[in-house]
There are 2 protein chains.
Amino acid sequence: MTVGGIDLSGSATIVRPAAINILSRHELEACKRCDARHQGLCDALHDDDLHFLSDAAHRSAIAKGEVFVTEGNPARNFFNINQGAAKLYMDLADGRRQITGFVGVGDFVGLAAGTRYAFSAEAIEPVQLCRFDRIELRAVSARFPVIERRLLEIASHELVIAQEQMLLLGRKTAIERVASFLEGWYRRTLCADPGAPLDLPMLRGDLAEYLGLTIETVSRVLASLRRQGVVAVAADHRISILDHARLAAIGQTFA
Amino acid sequence: MTVGGIDLSGSATIVRPAAINILSRHELEACKRCDARHQGLCDALHDDDLHFLSDAAHRSAIAKGEVFVTEGNPARNFFNINQGAAKLYMDLADGRRQITGFVGVGDFVGLAAGTRYAFSAEAIEPVQLCRFDRIELRAVSARFPVIERRLLEIASHELVIAQEQMLLLGRKTAIERVASFLEGWYRRTLCADPGAPLDLPMLRGDLAEYLGLTIETVSRVLASLRRQGVVAVAADHRISILDHARLAAIGQTFA
DNA sequence: CGGCTATTTGAGTCTAGTCAAAGCCTGTGG
DNA sequence: CCACAGGCTTTGACTAGACTCAAATAGCCG
């Protein structure tokens with residue numbers, strides 16, 4: 001038997017679906033219905049093998065505002081977001097904070113760590129996630145090397161994002177940063193209607209801490225983009241992009 | 001067996017050390033004497049298995065100033081630096097540039113890519129490197145999963161570095177950026193004598209493009225650190241750190 | 001309707017950028 | 001050995017974009 005072109009001889013014959021216990025089967029079904037089933041890590045395994053991941057997953061709910069990863073703590077777990085959204089950030093001693101990323105459904109959290117986490121993570125919406133013990137996940141990936149390969153792909157993608165963010169933080173002006181962000185967020189949440197308003201789950205303060213700006217500057221820049229007719233800013237954290245071409249041009253996003 | 005293709009079935013039994021051809025053996029010996037032998041990727045395999053990597057490596061010399069990776073080009077290769085140093089960067093259309101990292105001996109280049117490179121790479125010193133075709137390297141890693149694991153470790157480490165750089169670019173002042181850089185460079189090149197002057201292979205302009213500043217600001221900040229007695233700046237791109245504690249305090253580097 | 005938080009707007013300041021010029025190395029050739 | 005050319009670096013004067021401080025406005029939820 002091969003999965004993803006890799007020889008897995010014997011593995012499927014040792015643990016057959018019929019041998020899965022009731023609890024495991026129940027969670028496996030939850031797994032198959034999960035919004036994140038066909039994204040990132042979980043998409044690496046076929047339904048037949050999914051129980052290996054499902055059995056390793058510890059499901060939990062995180063309240064809005066709760067910090068579930070703390071910078072400097074021993075990096076014992078990975079996380080996969082199934083519901084909601086969170087911000088990842090690093091702090092300086094005097095309180096200055098840089099948000100290094102926002103994660104949502106299907107995103108994998110915890111790669112940016114050696115023996116200790118290099119970042120903190122806080123839910124900005126109620127979050128449902130699967131926690132994986134690093135040791136346990138390593139055991140699963142020893143059986144399914146495709147998992148390690150997928151993690152590498154995820155890490156590579158995150159590196160690309162990180163470098164684009166360095167370009168943004170190091171070289172772009174305030175208006176370029178905001179425009180880049182909106183255009184990038186639009187592409188991420190691209191669902192159906194290109195004209196549908198974007199849902200921004202984060203506060204202005206989060207946006208500022210992500211873009212290396214202050215709340216006031218973000219607010220002023222959004223007002224300016226609104227006056228230019230590029231976006232429409234609603235009160236309920238929704239922003240409609242009225243002129244994509246102009247937004248992309250301002251944001252210097254030709255990627 | 002094919003090398004350059006994907007199928008390597010049975011290769012370990014077909015190609016025994018005794019069966020390695022002269023050229024291959026010669027390069028393997030070069031491999032074992034390589035400055036990068038016990039770092040990063042190459043450290044993943046024991047001497048006994050090293051020839052699998054050695055055979056996949058295409059060695060080449062890159063002149064100072066030569067660009068060997070171009071942003072946007074198809075990402076067909078990985079690179080491992082054996083000698084010299086290079087800068088990795090992204091450009092905006094109007095010429096603004098952000099250097100996303102410097103790489104030296106033992107560093108692995110090319111993870112930050114999907115189907116196309118997200119960055120460009122230019123030698124800032126004469127470089128010797130091993131080029132790996134991604135397909136070929138994948139074939140080797142299919143046989144030695146430890147390689148994929150090592151790549152994941154490398155990517156994780158790069159993510160940590162990238163996040164620290166985002167914190168620097170988004171939240172630190174000019175003097176904090178320069179101090180952070182010097183302290184970080186010191187830790188990287190930590191060889192023996194803590195008082196030995198640091199060798200900075202890059203120009204002031206590179207430093208500025210790495211730190212999100214201008215040449216003039218970098219120069220002014222270095223002058224300020226010199227006047228404060230924190231560093232001694234020599235003309236030949238060498239800088240001695242006179243007061244590590246103070247430098248670390250200024251740079252807010254407590255990691 | 002209040003009380004609270006989030007956001008917007010305004011006025012003034014400051015850090016780092018821009019423009020300009022001088023100084024300093026390094027290598028070359030007389 | 002010295003003069004010169006070129007690029008790199010430093011320093012100075014001024015500017016500008018983003019920050020700080022402050023106040024007004026707008027949502028939200030009891």
Side-chain angles (χ1 to χ4, degrees), chain A residues 64-65 87 92 94-99 124-125 168-182 197 199-228 231-239 250-252, chain B residues 64-65 87 92 94-99 122 124-125 168-182 197 199-228 231-239 250 252:
Chain A
K64 177 174 171 172
K87 59 184 177 189
L92 290 175
D94 60 8
R96 280 175 289 174
R97 172 172 293 181
Q98 181 63 38
I99 291 179
I124 58 178
E125 287 179 338
L168 181 149
L169 292 170
R171 288 295 173 231
K172 290 187 181 179
T173 65
I175 195 169
E176 288 167 352
R177 295 183 199 199
V178 172
S180 296
F181 170 78
L182 291 175
D199 218 333
L200 303 182
M202 71 292 288
L203 303 176
R204 289 285 183 276
D206 295 326
L207 218 37
E209 287 174 345
Y210 181 58
L211 299 175
L213 301 168
T214 58
I215 293 181
E216 295 94 324
T217 298
V218 170
S219 185
R220 274 185 252 273
V221 165
L222 281 174
S224 162
L225 288 172
R226 177 171 46 70
R227 281 191 298 270
Q228 292 179 50
V231 303
V233 183
D236 57 346
H237 290 185
R238 284 166 178 276
I239 292 184
I250 293 174
Q252 307 257 330
Chain B
K64 177 174 172 174
K87 59 184 178 189
L92 290 175
D94 60 6
R96 281 175 288 174
R97 172 172 294 181
Q98 179 63 39
I99 291 179
E122 177 186 326
I124 57 178
E125 289 178 339
L168 181 148
L169 292 169
R171 287 295 174 231
K172 291 187 181 179
T173 64
I175 194 168
E176 288 167 352
R177 293 182 200 200
V178 173
S180 296
F181 169 78
L182 291 176
D199 217 333
L200 302 182
M202 70 292 289
L203 303 176
R204 289 284 182 277
D206 294 326
L207 218 37
E209 287 175 345
Y210 181 58
L211 298 176
L213 300 169
T214 59
I215 292 181
E216 296 93 325
T217 299
V218 170
S219 185
R220 275 186 252 272
V221 166
L222 282 174
S224 163
L225 287 172
R226 177 172 44 71
R227 280 192 298 269
Q228 293 179 50
V231 303
V233 182
D236 57 347
H237 290 184
R238 285 169 176 274
I239 292 184
I250 293 174
Q252 307 257 328

Rounded to whole Å, CG of A:Leu225 lies from P of C:dT7 at a distance of 17 Å
Atom CD1 in B:Ile175, atom CZ in B:Arg177: separation rounded to 0.5 Å?
12.5 Å
Per-helix bend value, the helix from C:dC1-D:dG30 to C:dG30-D:dC1, C1' rotation axes over five pairs per end, 10° rounding, shows 30°
From CG of B:Leu222 over to C1' of D:dC8, roughly how many Å is that when rounded to an integer?
14 Å
Can you name the salt bridge (charged side-chain N to carboxylate O under 4.0 Å, His left out) partners of B:Arg97, sequence neighbours left out?
B:Asp91
Do the non-hydrogen side-chain atoms of B:Arg171 and A:Asp94 ever get within less than 4.5 Å of each other?
no
What is the distance from CG of A:Leu203 to C1' of C:dT8, rounded to the nearest Å?
15 Å
Whole-Å gap separating C1' (C:dA6) and CD1 (A:Ile239)
14 Å
Scan the side chains in residues 200-209 of chain A for donor-acceptor partners under 3.5 Å anywhere in the protein, sequence neighbours excluded, and list what turns up.
residue: A:Asp206; atom: OD1; partner: A:Lys87; partner atom: NZ; Å: 2.7
residue: A:Asp206; atom: OD2; partner: A:Leu203; partner atom: N; Å: 3.2

Sub-3.5 Å donor-acceptor pair from the side chain of B:Glu125 to the main-chain atoms of B:Lys64, do we have one?
no
Can you pull every protein N or O that's under 3.5 Å from an N or O on nucleotides 14-17 of chain D?
none

Within the 4.5 Å heavy-atom criterion, are A:Lys172 and A:Leu211 side-chain neighbours or not?
no
At 4.0 Å (heavy atoms only), tell me whether A:Arg226 reaches a base, stays on the sugar-phosphate, or touches nothing.
sugar-phosphate
List the atom pairs, donor and acceptor, that lie under 3.5 Å between side-chain atoms in residues 216-226 of chain B and the rest of the protein, sequence neighbours left out.
residue: B:Thr217; atom: OG1; partner: B:Thr214; partner atom: OG1; Å: 3.0
residue: B:Ser224; atom: OG; partner: B:Gln228; partner atom: NE2; Å: 3.1

Could you tell me the separation between the CG atom of A:Leu168 and the CD atom of A:Glu176, rounded to the nearest 0.5 Å?
8.5 Å
Once you round to the nearest 0.5 Å, how far does CD1 of A:Ile99 lie from CD1 of A:Ile124?
7.5 Å
What's the CG-P distance between A:Leu211 and D:dA18, to the nearest Å?
12 Å
A:Arg238: which residues meet the salt bridge (charged side-chain N to carboxylate O under 4.0 Å, His left out) condition with it, sequence neighbours left out?
A:Asp199, A:Asp236
Does B:Glu122 have any side-chain hydrogen bond (donor to acceptor under 3.5 Å, both in side chains) partners at least two apart in sequence or in another chain, and if so, which?
none
In whole angstroms, how far is the P atom of C:dA6 from the CD1 atom of A:Ile215?
9 Å
Round to the nearest Å and state the distance from B:Leu200 atom CG to D:dT9 atom C1'.
14 Å
Rounded to whole Å, please give me the gap between CZ in B:Arg227 and C1' in D:dT10.
11 Å
Closer than 4.0 Å, any side-chain N/O of A:His237 to the OP1 or OP2 of C:dT7?
yes
Can you give one letter per nucleotide of nucleotides 19-30 of chain D, going 5' to 3': B for a protein heavy atom under 4.0 Å from the base, S for sugar-phosphate only, - for none?
SBB-----S---
